[in-house]
Each structure stands twice: as structure tokens, then as C-alpha cells.
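The first residue of the sequence shown is numbered 1, and numbering continues consecutively from there.
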Amino acid sequence: MIRRVLILVCGLVLAPFSVMTPFSALAVSPVDGGLDDLIGLSAELVRDTVYPETEAIYILRVESRADIHFSRVNPPQAQGVNVRRGSQDHEYYFVGNDEFRVSTYRFFISAEQVGAITLEGASLTHVAINENGTRRRVRNRATPVTLDSRPKPESYQGYWLPSEQVTLEQHWSTKASALQVGDSITRTLTLYIQGRNIDSFPELVVDYPEGMNVYSEQPKFDATDGGMTMTLRQVIVPRSEGLFEIPSLAIPWFDTSSNTIAVASLKGLALNILPNELQTLALHDLQPEELNGTYWRYATIAVVLLWLITLLHLYQLRKRLKEQERAAIEGKKQGECKLQAALEQGHHQAIVGAWGNAEPSVKKECGQLMDAYFAAFYSRTVSDGEPERTAVLKHLKARRAVKEKTADFAPIAP
């Protein structure tokens with residue numbers, strides 16, 4: 001027996017520093033006056049302060065001979081707390097020919113009441129064999145620790161979000177600050193919260209200005225680095241011209257590592273929305289030449305020449321207007337054809353580009369139908385906007401058929 005005691009004591013003293021972590025609360029439980037079952041226990045709280053919806057990590061370390069097997073490890077207990085088991089790991093080392101073990105058990109503790117809570121130390125049970133071969137049950141318990149449970153700070157406003165780390169980032173699809181009516185810009189928001197699950201994530205709400213349609217995709221969640229990341233993609237389509245300010249976004253959260261209130265924020269964006277219209281030709285007044293009041297004959301000739309020149313300019317101007325009108329009509333037809341072709345092929349990006357370059361008359365007639373298509377395509381439900389796309393395509397075909405019929409029966413100009 002003396003030899004076993006010396007070996008265990010030497011193991012506890014001479015073990016490597018990486019294995020022999022200093023105990024914060026040491027409890028040695030001799031049984032029946034003997035030292036045959038000497039077991040070292042330590043219990044500590046990684047953070048002894050908890051708030052609503054937060055957990056403290058309780059760590060139990062057990063150092064003993066490797067031939068001692070524990071039949072049960074009981075978690076710490078106290079009234080008004082919830083305890084759930086975490087991970088466990090074991091390390092081994094030798095002192096001569098004798099093997100020793102260091103076991104680490106982790107528990108997560110949350111409090112249901114406010115104030116100082118004394119936790120009964122975690123305990124473990126094993127069966128020991130006496131010198132005469134008989135068995136007895138041995139239970140060792142770590143010393144108690146105190147948990148400080150605090151309420152939510154009164155100065156905290158908004159959605160309660162306690163965590164050790166919260167980051168908020170954004171990405172814009174373009175760096176341009178000037179867009180045209182009907183163009184689209186995509187805003188991607190990324191929110192990371194450490195130690196939180198999907199159900200406890202806040203909703204990202206941005207009050208966009210009037211005159212802009214916003215289509216939000218379903219948020220995506222990914223587990224990374226001990227936390228959860230939510231990615232939200234929003235497509236913004238301006239419907240009117242002017243200066244718009246997309247507001248900033250701020251999320252308050254409570255830093256449990258420093259017990260302080262923090263804010264994760266993003267900057268807004270100023271946009272200049274320009275009209276998307278065809279530029280009309282500006283007609284300048286023709287200035288007559290200065291008449292010479294002395295020589296009436298030359299004045300009469302000058303008037304006649306000016307009249308002829310005016311007729312010539314009017315003829316050339318009418319010819320240019322006809323050509324521009326014909327080019328505008330061809331451009332409108334091509335724009336309608338591009339939009340119709342994109343809708344027939346079902347390529348969403350092509351539809352967005354063709355709709356941004358569509359004529360004002362087409363946007364006026366098909367605006368509500370296209371809004372319904374975009375809303376269905378970017379809705380939270382699983383939909384690709386197929387019925388809405390078909391409705392727009394059907395309207396464009398009917399519009400084109402009416403125009404072709406009208407052109408066929410147009411009156412003949414004399």
C-alpha cells in the first residue's frame with residue numbers, strides 16, 4: 001500500500017505541466033481511512049457570469065490511476081439552473097511502469113433566476129476493490145462554485161442578442177452611384193453570430209425609400225467557426241427618378257466577454273436615378289438675316305431667298321424627323337423583340353437587362369405584370385415566376401399583333 005501511495009503522489013507532483021493543470025478547487029476523498037482510492041478533482045467555470053439566453057461552461061478535471069474506471073459522472077446541481085452535457089476527453093501519462101489518466105468533462109449551465117447561485121460540485125462514482133477482494137462503491141465530489149446570474153441591462157434596447165462575437169457585412173453588385181429607372185442593383189447582407197442557432201437570429205429589416213421595389217431571397221444559413229452565418233440577398237429596382245438614400249443598418253448586441261453593449265452597423269448608399277427616355281430633337285428658331293431698308297429691290301430679293309432657304313430647311317428638317325421617327329420605331333420594335341425573346345427563353349438576367357432598356361410605353365403597359373413576375377421570382381416561397389412570365393409574354397404578343405394589324409390597314413397617304 002505504501003508503494004502505491006508513493007507512486008500516485010509522485011505522479012501528481014512530477015507529471016508534465018501540459019497535463020497537470022493547476023486545480024482551482026481540489027477535493028481529495030479518502031475512503032474508510034485509507035488512501036488506496038486517492039483521486040484528484042478540480043472544477044472551474046470558464047465564465048462565472050451569465051445573462052438570459054446565455055450559458056456558462058463548467059469544466060471538471062479528474063486525475064487518477066488509469067486502472068480506476070468511473071461508473072457514473074454526475075453534473076453539477078443547483079436549484080434554478082439547467083445543465084446539459086458537453087464533450088469529454090482523456091489524456092494518459094506514465095510514471096515508471098504505472099499509468100495515470102487525466103479526464104476532462106464539460107457542462108453548459110444556464111440560469112432561470114437572477115442572483116448568486118451556488119453550484120454543488122460535479123461528482124463521480126466508481127467501484128473500488130479492498131485488500132481482501134471485497135468491492136465497495138466510492139463517490140468523490142468537487143468543491144462548490146458560485147455562478148453570478150444577471151438580468152438584461154436596463155439600458156439595452158432592441159432585440160436581445162447576447163454573444164461573444166457579432167459581425168455584419170454587405171456587398172453591392174456595382175459601385176456606380178448613378179442608375180437609370182428600371183435598372184437593378186443587388187445588396188448582399190452577411191450576419192455572423194457566435195454561439196447562436198437559426199431560431200435566435202434577428203430579422204434584417206431595412207426601410208427602403210418609396211419609388212423602389214425590393215425583392216428579397218430566402219436567407220441562407222451556414223455553420224462556421226463555432227457560430228452561424230446568415231446570408232440575405234436583396235434585389236433593388238428603382239421605379240422613379242431622383243436622388244435616393246438607401247438607409248444604413250444597425251444591430252445592437254450584448255458582448256458577453258466584456259459585459260458591454262455593442263452595435264454592428266453598415267453604411268447606407270446614395271443613388272442618383274436618371275430617367276430612361278429617348279432624347280428628343282431640340283428645334284432652334286431660325287433667325288432671319290438683317291434686311292437693308294435702303295435698297296427695297298435688294299430687300300425683296302433677300303426675302304425671296306430667305307423664303308426659299310426656309311422651305312429648303314423645312315424640307316430637310318422634315319426628312320430628318322421622318323428618319324429619326326423610323327429609327328425610333330425600329331428601336332422600339334427591337335427593344336420589344338429583345339424583351340419578348342428573353343421571356344421566351346426564360347433567362348432571368350436577360351429579362352432584367354431587356355426590361356431595363358424597354359421603352360416607356362412598354363413599361364407603362366407591362367409594369368404591373370413585370371412587378372408581379374419579379375415579386376414571384378424573388379418571393380420567400382419556392383417559385384420561379386413561371387405563370388407571371390407567361391402572362392407578360394402573352395401580353396407582348398397580343399400588343400405586337402394589334403400593331404401589325406393596324407399597320408396592315410393603315411390609310412394610304414395622298
Side-chain angles (χ1 to χ4, degrees), residues 24 43-60 75-76 78 80-89 104-117 119 122 145-172 187-207 216-234 246-268 380:
S24 61
E44 64 174 344
L45 289 171
V46 175
R47 185 176 63 250
D48 59 359
T49 303
V50 293
Y51 290 86
E53 301 181 22
T54 65
E55 293 178 322
I57 302 178
Y58 180 97
I59 297 179
L60 173 68
V81 299
N82 295 319
V83 182
R84 64 183 183 92
R85 294 180 182 269
S87 62
Q88 58 178 304
D89 55 74
T104 303
Y105 303 89
R106 296 174 182 84
F107 302 91
F108 296 92
I109 302 175
S110 59
E112 299 177 351
Q113 61 187 24
V114 176
I117 302 175
L119 295 173
V145 294
T146 302
L147 179 67
D148 183 12
S149 177
R150 300 180 183 179
K152 182 175 71 173
E154 296 181 359
S155 58
Y156 187 92
Q157 300 294 329
Y159 179 81
W160 175 242
L161 184 60
S163 177
E164 292 185 358
Q165 182 182 3
V166 176
T167 59
L168 184 61
E169 299 176 352
Q170 69 178 350
H171 174 72
W172 297 95
R187 186 184 196 183
T188 303
L189 303 172
T190 304
L191 175 61
Y192 169 79
I193 304 178
Q194 184 174 349
R196 306 288 285 185
N197 53 30
I198 297 177
D199 297 333
S200 59
F201 260 69
E203 184 178 1
L204 298 181
V205 179
V206 181
D207 188 15
S216 297
E217 296 183 356
Q218 198 74 7
K220 298 180 181 179
F221 294 88
D222 297 301
T224 54
D225 299 333
M228 188 71 65
T229 300
M230 180 181 71
T231 304
L232 177 62
R233 186 171 177 266
Q234 296 178 328
I246 297 180
S248 58
L249 179 61
I251 298 179
W253 62 286
F254 188 77
D255 191 348
T256 56
S257 60
S258 60
N259 297 330
T260 58
I261 299 175
V263 177
S265 60
L266 294 175
K267 294 182 180 180
R380 296 179 180 274

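- When side chains are defined from C-beta on, Pro202 does not count as touching Trp160, because their heavy atoms never get closer than 4.5 Å.
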Inset, instruction - Evaluate side chain to side chain contact (heavy atoms under 4.5 Å, CB included) for Phe107 paired with Leu119, printing each intermediate quantity in order. - result: CA-CA 12 Å; Phe107 302 91; Leu119 295 173; over 6 Å; no

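- Side chains of Ile59 and Tyr105 form no contact here, defined as non-hydrogen atoms less than 4.5 Å apart.
- Ala250 and Pro252 get closest at one heavy-atom pair: O-CD, 4.0 Å.
- Relative orientation of the Phe201 and Phe221 rings is perpendicular, given thresholds of 30° and 60° on the angle between their planes.
- A donor-acceptor distance shorter than 3.5 angstrom exists from the side chain of Ser149 to the backbone of Gln113, with no hydrogens or angles considered.
- With no hydrogens or angles considered, no side-chain donor-acceptor pair links Thr54 and Thr256 at under 3.5 Å.
- No more than 12 heavy-atom neighbours from other residues, nucleotides or ligands sit within 6.0 angstrom of CG on Asp207.
- With rounding to the nearest 0.5 angstrom, the NZ atom of Lys267 is 14.5 Å from the CG atom of Leu249.
- The line from CZ of Arg150 to CG of Asn259 is 5.5 Å long, rounded to the nearest 0.5 Å.
- One side chain, Ser216 or Gln234, offers a donor N or O that lies under 3.5 Å from an acceptor on the other.
- Across all non-hydrogen atoms, the minimal contact from Glu55 to Val50 is C-CG1, 4.0 Å.
- Just one of Leu266, Val263, Leu191, Ile193 meets the side chain to side chain contact (heavy atoms under 4.5 Å, CB included) condition when paired with Ile251; it is Leu191.
- You'll find the side chain of Tyr192 stays beyond 4.5 Å of the side chain of Asp222, heavy atoms only.
- Of all heavy-atom pairs between Val206 and Pro247, the closest is CG1-CG, 3.8 Å.
- Put simply, the side chain of Leu168 does not reach to within 4.5 Å of the side chain of Trp253, judged on heavy atoms.
- Note that CG of Asp148 is 4.5 Å distant from OG1 of Thr49, once rounded to the nearest 0.5 Å.
- Nearest heavy atoms, Leu161 versus Tyr156: N-OH, 3.3 Å.
- In terms of modelled atom types and a separation under 3.5 Å, the side chain of Arg187 and the main chain of Leu232 share no donor-acceptor contact.
- The shortest non-hydrogen separation linking Arg85 to Pro75 is NH2-CD, 3.4 Å.
- Rounding to the nearest 0.5 Å places OG1 of Thr104 at 4.5 Å from CG of Asp89.
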Inset, instruction - Please report the C-alpha distance between Val83 and Tyr58 in whole Å, then the side-chain angles of each, then the deciding distance to 0.1 Å, and finally whether the side chain to side chain contact (heavy atoms under 4.5 Å, CB included) criterion is met. - result: CA-CA 9 Å; Val83 182; Tyr58 180 97; over 6 Å; no

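- If you take OG1 on Thr229 and NZ on Lys220, they are separated by 13.5 Å, rounding to the nearest 0.5 Å.
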Inset, instruction - Mind running side chain to side chain contact (heavy atoms under 4.5 Å, CB included) on Asp48 and Thr146 for me, showing each step along the way? - result: CA-CA 7 Å; Asp48 59 359; Thr146 302; over 6 Å; no

Inset, instruction - May I have the step-by-step check of side chain to side chain contact (heavy atoms under 4.5 Å, CB included) for Leu147 and Leu45, ending in yes or no? - result: CA-CA 8 Å; Leu147 179 67; Leu45 289 171; 4.1 Å; yes

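- For the atom pair CZ of Arg47 and OG of Ser257, the computed distance is 8.0 Å after rounding to the nearest 0.5 Å.
- With a 4.5 Å cut-off on side-chain heavy atoms, Glu44 and Val145 do not count as touching.
- Nearest heavy-atom pair, Arg196 versus Tyr159, reported as atom, atom and distance to 0.1 Å: NH2-OH, 4.5 Å.
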